[in-house]
Amino acid sequence: MSTSNPAPAPARSIRVSAAVIVNGRDELLLVRKAGTTAFMQPGGKPEPDETPAETLSRELFEELGLTVDAADLRPLGSFTAAAANEPGFLVVADVFEADIGDQLPVIATEIEEFRWVTRAEAEELEVAPLARENFLP
């Protein structure tokens, strides 16, 4: 009698837009949302009828008070990683490089903390897989 293992259930996914914001010291801007422990790239889920760039432009303003026009975001591609705060989910992120010029981020909606981090500093933090695996300088 032969037995077979059932195929693993496909992971559920969450679609988001995320920013890569690097300063002149090769540090990546990461945020920690309220009620969570992992640092991640700023961004979030789309509203109905938003493009990925429009989503990120809105999220950057809501979360950090940063004004970046959707047309000025540089697409880096779509990336998939394990979701940091939702076990059993994958995050599928449309990722953009964002130039914030001389703007300074300020903690706003949903954000508990932000940090500029180097790869070495990130070793001491809980960093979301998307950022850790793909975007630390």
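This structure is a prediction, so every number in the text was calculated from the model and none was measured.
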I'd like to check [X] versus [Y] (side-chain heavy atoms, cut-off strictly below 4.5 Å). Are they in contact?
X: Thr51; Y: Thr55; answer: no
X: Glu27; Y: Val117; answer: no
X: Ile14; Y: Val92; answer: no

Would Glu113 and Arg115 count as a salt bridge (Lys or Arg N to Asp or Glu O under 4.0 Å) if you check the C-alpha gap in whole Å, the side-chain angles of each, and the deciding distance to 0.1 Å? CA-CA 7 Å; Glu113 180 179 4; Arg115 290 189 188 184; 2.9 Å; yes
Going by atom type alone, with no hydrogens or angles, which donor-acceptor pairs under 3.5 Å involve a side-chain atom of residues 75-90 and a protein atom two or more places apart or on another chain?
none

Side chain to side chain donor-acceptor pair (under 3.5 Å) pairs, two or more places apart, involving residues 98-108: none
Tell me the side chain to side chain donor-acceptor pair (under 3.5 Å) pairs involving residues 122-132, sequence neighbours left out? Thr37-Glu126
[X]: salt bridge (charged side-chain N to carboxylate O under 4.0 Å, His left out) partners, not counting sequence neighbours:
X: Glu50; answer: Arg58
X: Glu133; answer: none
X: Glu54; answer: none
X: Glu112; answer: none

Which value, rounded to the nearest 0.5 Å, describes the distance between Glu63 atom CD and Glu110 atom CD? 5.5 Å
Looking at CG of Asn23 and OG1 of Thr118, how far apart are the two atoms once the value is rounded to the nearest 0.5 Å? 10.0 Å
Apart from [X] itself, what residues make up its hydrophobic cluster, given side-chain heavy atom links below 4.5 Å?
X: Val31; answer: Ile21, Leu29, Met40, Leu56, Leu60, Leu64, Leu66, Val68, Leu73, Phe96, Ile100, Ile107, Ile111, Phe114, Trp116
X: Val106; answer: none
X: Phe61; answer: none

Give me each pair satisfying salt bridge (Lys or Arg N to Asp or Glu O under 4.0 Å) with a member in residues 69-84, each pair once, sequence neighbours excluded. Arg74-Glu97
Quick one: side chain to side chain donor-acceptor pair (under 3.5 Å) partners of Asn134, sequence neighbours excluded? none
How close do Lys33 and Gly43 get, heavy atom to heavy atom, and via which atoms? NZ-O, 3.1 Å
Can you give me the closest heavy-atom contact between Val20 and Phe135, atom names plus distance? CG2-CD2, 3.5 Å
When you look at Arg119 and Asp26, which way does the salt bridge (Lys or Arg N to Asp or Glu O under 4.0 Å) test go after all the steps? CA-CA 9 Å; Arg119 178 171 290 282; Asp26 283 335; over 6 Å; no
